[in-house]
J.: 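Below is one structure. I have some questions about it.
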Amino acid sequence: MLKKFRLEGLEDHLPGELSGGQQQRTALARIMVYEPDVILLDEPFSALDMYLKDYLQQELQEMLVDYKGTVILVSHNRDEIYQLCDELLIMDQGKDVCYGKVKEIFAAPEWKEAARLTGCKNIVPVRRIDGHTLEIPSWGTYLELNQEIANDIRYVGFRAHDFIPVWAEEKMKSRHEDSPEEKKSAWNELERNRIRVKVKSIAELPFEKKYFLYAQGDEDEEICWFVQRDMWEVYEEKGLPDFLEIPEEKLLLLRE
């Protein structure tokens with residue numbers, strides 16, 4: 001275990017002589033040596049750098065494959081939860097929000113707080129117009145859905161990687177001979193289930209860019225759109241899109 005948790009040479013050190021990360025790894029190593037019936041892990045990787053965190057998560061996952069007892073992991077890190085847990089209980093203000101299989105909850109959180117804790121960056125209030133139509137006032141758009149919208153839906157969530165960019169010029173260039181009425185109808189169709197956006201700020205990371213946008217006419221409600229590195233050249237060539245499309249299959253309908 002000393003070798004697995006990279007603690008060789010520290011056998012004779014007192015706890016106060018260890019760094020925070022070394023103390024975390026020592027605690028994990030002691031647990032695995034004792035082989036207890038129940039293991040409680042409370043933010044076990046919080047004091048570790050990213051490289052060591054990834055390494056120890058993988059080591060722990062492999063060690064737990066043959067473990068016969070129960071493991072309870074307390075964490076605010078959605079990646080840790082998704083990688084290490086089979087079942088998930090989400091709590092807010094000391095109360096249960098939802099419980100179920102991890103992958104099912106991540107795919108369809110159903111509750112506003114569950115969506116937030118599983119990493120959804122865009123959660124906004126909506127107004128239900130009818131069984132298939134929602135208004136998103138802060139985004140200045142309507143959503144027309146094929147699925148039935150329950151009466152108790154109060155929010156929608158949309159993950160930052162799932163928007164589809166739409167350039168108005170590409171969509172409208174074939175309509176240059178249309179009458180004004182036809183062009184207006186085509187433009188209205190273009191705005192359906194889409195948000196017209198402007199850039200507020202951009203954060204560039206090694207492998208993705210994070211665009212922080214606002215919808216036309218509302219500079220208070222921030223919209224997060226994350227773009228992977230392999231798409232950067234496309235946006236440099238074409239410019240940022242006029243609209244972001246919200247595909248129905250990626251939309252999260254959320255209760256309070």
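Just so you know, these numbers use all the heavy atoms, side chains as well, and skip hydrogens, waters and symmetry mates.
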J.: Taking side chain as C-beta onward, heavy atoms only, is W111 less than 4.5 Å from D92?
T.: no
J.: Apply side-chain contact (heavy atoms from CB on, under 4.5 Å) to C224 and F212, showing your working.
T.: CA-CA 5 Å; C224 298; F212 300 96; 3.8 Å; yes
J.: Quick one: ring-ring contact (aromatic ring centres under 6.0 Å, His included) partners of H161, sequence neighbours excluded?
T.: F226
J.: Among residues at least two apart in sequence or on other chains, which ones pass side chain to side chain donor-acceptor pair (under 3.5 Å) with E62?
T.: Q58
J.: For atom CD of E148, is the number of surrounding heavy atoms from other residues, nucleotides or ligands below 6.0 Å larger than 12?
T.: yes
J.: Hydrophobic cluster mates of Y34, side-chain heavy atoms under 4.5 angstrom, ILVMFWY only, any path?
T.: none
J.: Quick one: pull up CD in Q61 and CG in L56 and give me the separation to the nearest 0.5 Å.
T.: 12.5 Å
J.: Does V33 belong to the same Ile/Leu/Val/Met/Phe/Trp/Tyr cluster as L18, with side-chain heavy atoms less than 4.5 Å apart forming each link?
T.: yes
J.: In sequence, state the C-alpha distance, the side-chain angles, and the governing distance for K198 and L240, and then conclude on side-chain contact (heavy atoms from CB on, under 4.5 Å).
T.: CA-CA 9 Å; K198 287 186 176 180; L240 288 176; over 6 Å; no
J.: Enter the distance from L145:CG to T133:OG1 here, rounded to the nearest 0.5 Å.
T.: 7.5 Å
J.: Of all the heavy-atom pairs spanning L52 and D49, show the shortest one and how long it is.
T.: N-OD1, 2.8 Å
J.: Holding to salt bridge (Lys or Arg N to Asp or Glu O under 4.0 Å), I want the full list of residues that pass it with R127, two or more places apart in sequence or in another chain.
T.: E135
J.: Might you work through the side-chain contact (heavy atoms from CB on, under 4.5 Å) test for V156 and V124, ending with a clear yes or no?
T.: CA-CA 6 Å; V156 294; V124 288; 3.8 Å; yes
J.: Give, for atom CD of E208 and atom CE of M231, the distance between the pair rounded to the nearest 0.5 Å.
T.: 13.5 Å
J.: Under 4.5 Å between side-chain heavy atoms, counting indirect links through other Ile/Leu/Val/Met/Phe/Trp/Tyr residues: same cluster for M32 and L2 or not?
T.: yes
J.: How long is the span from the OH atom in Y214 to the OG atom in S138, to the nearest 0.5 Å?
T.: 14.5 Å
J.: Transitively linked via ILVMFWY side-chain contacts under 4.5 Å: W225 with W167?
T.: yes
J.: Taking atom NZ of K209 as the centre, report whether more than 12 heavy atoms of other residues, nucleotides or ligands fall under 6.0 Å from it.
T.: yes
J.: Specify the closest pair of heavy atoms between E222 and N122, including all atoms of both residues, with the distance to one decimal.
T.: O-OD1, 4.2 Å
J.: Can you tell me how far CG of L73 sits from CG of L89, rounded to the nearest 0.5 angstrom?
T.: 12.0 Å
J.: If you take all heavy atoms of W232 and Q228, which pair is closest and at what distance?
T.: CD1-O, 3.3 Å
J.: Which residues satisfy the salt bridge (Lys or Arg N to Asp or Glu O under 4.0 Å) test with E113, sequence neighbours excluded?
T.: R116
J.: If you compare all heavy atoms of G119 against all heavy atoms of R78, which two are closest, and at what distance to 0.1 Å?
T.: CA-CD, 3.6 Å
J.: When you measure from the side chain of E11 to the backbone N and O of G9, does any donor-acceptor pair fall under 3.5 Å?
T.: yes
J.: Could you pull out every donor-acceptor pair under 3.5 Å between side chains of residues 94-108 and any protein atom, sequence neighbours left out?
T.:
residue: Y99; atom: OH; partner: E87; partner atom: OE1; Å: 3.3
residue: Y99; atom: OH; partner: E87; partner atom: OE2; Å: 3.1

J.: Might you confirm whether atom CD of E233 has over 12 heavy atoms from other residues, nucleotides or ligands at distances under 6.0 Å?
T.: no
J.: Grab the two heavy atoms, one from L134 and one from R128, that are nearest each other, plus how far apart they are.
T.: CD2-CA, 3.6 Å
J.: Where do A115 and P109 come nearest, in terms of heavy atoms and distance?
T.: N-CB, 3.5 Å
J.: Any chain of hydrophobic side-chain contacts (each under 4.5 Å) joining I153 to I136?
T.: yes
J.: Would you give me the side-chain donor-acceptor pairs under 3.5 Å for residues 246-256, sequence neighbours excluded?
T.:
residue: E248; atom: OE1; partner: N146; partner atom: N; Å: 2.9
residue: E248; atom: OE2; partner: N146; partner atom: N; Å: 3.1
residue: E248; atom: OE2; partner: Q147; partner atom: N; Å: 3.0
residue: E248; atom: OE2; partner: Q147; partner atom: NE2; Å: 3.2
residue: R255; atom: NE; partner: D152; partner atom: OD1; Å: 3.3
residue: R255; atom: NE; partner: D152; partner atom: OD2; Å: 2.7
residue: E256; atom: OE1; partner: Y155; partner atom: OH; Å: 3.4

J.: Is there a side-chain contact (heavy atoms from CB on, under 4.5 Å) between T26 and L10 once you walk through the steps?
T.: CA-CA 10 Å; T26 300; L10 301 175; over 6 Å; no
J.: Tell me, which pairs form a ring-ring contact (aromatic ring centres under 6.0 Å, His included) where one or both residues lie in residues 42-62, sequence neighbours left out?
T.: none
J.: Restricting to side chain to side chain donor-acceptor pair (under 3.5 Å), what partner residues turn up for D230, sequence neighbours left out?
T.: none
J.: According to a 4.5 Å side-chain heavy-atom criterion applied to Ile, Leu, Val, Met, Phe, Trp and Tyr, with indirect links allowed, do V199 and V227 form part of one hydrophobic cluster?
T.: yes
J.: For the residue pair L41 and L28, establish whether any side-chain heavy-atom pair is separated by less than 4.5 Å.
T.: yes
J.: Looking at OG of S19 and NE2 of H13, how far apart are the two atoms once the value is rounded to the nearest 0.5 Å?
T.: 10.0 Å
J.: Please enumerate all residues that pass side chain to side chain donor-acceptor pair (under 3.5 Å) together with T118, with sequence neighbours excluded.
T.: R159
J.: Excluding sequence neighbours, so at least two apart, what forms side chain to side chain donor-acceptor pair (under 3.5 Å) with D42?
T.: none
J.: What I'd like to find out is whether the side chain of E8 reaches to under 4.5 Å of the side chain of K3, using heavy atoms alone.
T.: yes
J.: Would you check if E144 and N193 make a side-chain contact, meaning some heavy-atom pair closer than 4.5 Å?
T.: yes
J.: Could you work out, with ring-ring contact (aromatic ring centres under 6.0 Å, His included) as the rule, every residue matching F158, not counting sequence neighbours?
T.: F163
